[in-house]
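No hydrogens, no waters, no symmetry mates; every other heavy atom, side chains included, goes into these values. Source: prediction; values computed, not measured. The first residue of the sequence shown is numbered 1, and numbering continues consecutively from there.
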Amino acid sequence: MPLGSVQITGTGQLLELSRALRAAGGPRLRQNMARRIRRAAEPLKNDMEQTIRNLPITAEPRRSGSRGGGPSPTTRPLRATIAGAVRLSVRTTGNPGARVWIDKSALPSDLQGMPAAMNRSDGRIRHPVYGNRRRWANNRTTPLWWDTTVRRHTPRMRAEVARVLDDVRRQIT
């Protein structure tokens, strides 16, 4: 599952229900369904933000003869910046369902590739040292943190969305 977005959809059931909602013309019913689907997905969004904020990032040991470090050229907190870009959206028409993703437009231009880099299967984050593209460093983090967090929440979310669909279907028929 690529980093970027998570979608929980019961495609066939949700599409069928979405058409029935439109035919029933019930905006209140649609809003209720959207609110309940959002509530089902909010724990994933919150856990995703918390996971990012607590993600351990460690530097590899320095090689002998390498120069010492220095102050960071930026005062932005990396993990908090990325956690602040996690978004949740719910749709009840078209392709209905809940979607959790990292909004790259909410990240500074130099960090837009960082969430994908942090989710690599080997846990390695390779980056230039203070922007110097001739000198690179490696950091390590928990591999596949995005995928692991999603897998942990998927069964609960699917069950919750199925319950919402059943309730709405009962109200329509």
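Remark: of the listed residues Arg124, Arg126, His127, His127 is the sole one forming a side-chain hydrogen bond (donor to acceptor under 3.5 Å, both in side chains) with Asn139. For the side chain to side chain contact (heavy atoms under 4.5 Å, CB included) with Asn32, the lone residue among Arg35, Arg28, Arg30 that qualifies is Arg35.
Remark: side-chain polar atoms of Arg79 are not paired, donor with acceptor, to backbone N or O of Pro56 under 3.5 angstrom. Remark: side-chain polar atoms of Trp145 are paired, donor with acceptor, to backbone N or O of Met118 under 3.5 angstrom. Between the side chain of Asp103 and the main chain of Arg87, no donor-acceptor pair closer than 3.5 Å is present. No donor-acceptor distance shorter than 3.5 angstrom exists from the side chain of Asn119 to the backbone of Pro115, with no hydrogens or angles considered.
A distance of 5.0 Å separates CG in Leu78 from CD1 in Ile57, rounded to the nearest 0.5 Å. To the nearest 0.5 Å, atom CG of residue Asp122 and atom CZ of residue Arg140 are 6.0 Å apart. Atom CD1 of residue Ile102 and atom CG of residue Leu111 lie 11.0 Å apart, to the nearest 0.5 angstrom. Taken to the nearest 0.5 Å, the CZ atom of Arg163 stands 7.5 Å off from the CZ atom of Arg36. The CD atom of Gln112 sits 6.5 Å away from atom CG of Leu107, with the distance rounded to the nearest 0.5 Å. Atoms NZ and CD1, from Lys104 and Ile82 in turn, are 11.0 Å apart once rounded to the nearest 0.5 Å.
Taking all atoms of both residues into account, the shortest heavy-atom contact from Trp146 to Trp101 is CH2-CA, 4.0 Å. Here the shortest heavy-atom pairing between Arg38 and Ser89 reads NH2-CA, 4.3 Å. Summarising the geometry of Gly97 relative to Ile37, their closest heavy-atom pair is C-CG2, 4.3 Å, with the distance given to 0.1 Å. What you find for Val90 and Ala34 is that their closest heavy atoms are CG1-O, 3.7 Å. Closest of all the heavy-atom pairs between Gly123 and Pro143 is N-CB, 3.9 Å. Taking both residues in full, the closest heavy atoms of Pro128 and Arg133 are given as CG-NH1, 3.5 Å, listed atom of the first, atom of the second, then distance.
Residues passing the side chain to side chain donor-acceptor pair (under 3.5 Å) test with Asn132: none are found, sequence neighbours excluded.
Electrostatic pairing of Asp167 and Arg170 counts as a salt bridge here, judged by a charged N lying under 4.0 Å from a carboxylate O. Here Lys45 does not pair with Glu42 in a salt bridge; the nearest charged N to carboxylate O distance is not below 4.0 Å.
Contact check for Thr154 versus Met157: no side-chain heavy atoms found under the 4.5 Å cut-off.
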Test side chain to side chain contact (heavy atoms under 4.5 Å, CB included) applied to Thr51 and Arg152, step by step = CA-CA 12 Å; Thr51 300; Arg152 195 170 54 236; 4.1 Å; yes
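Hydrophobic clustering of Ile, Leu, Val, Met, Phe, Trp and Tyr side chains at less than 4.5 Å, counting indirect connections, keeps Val150 apart from Leu144.
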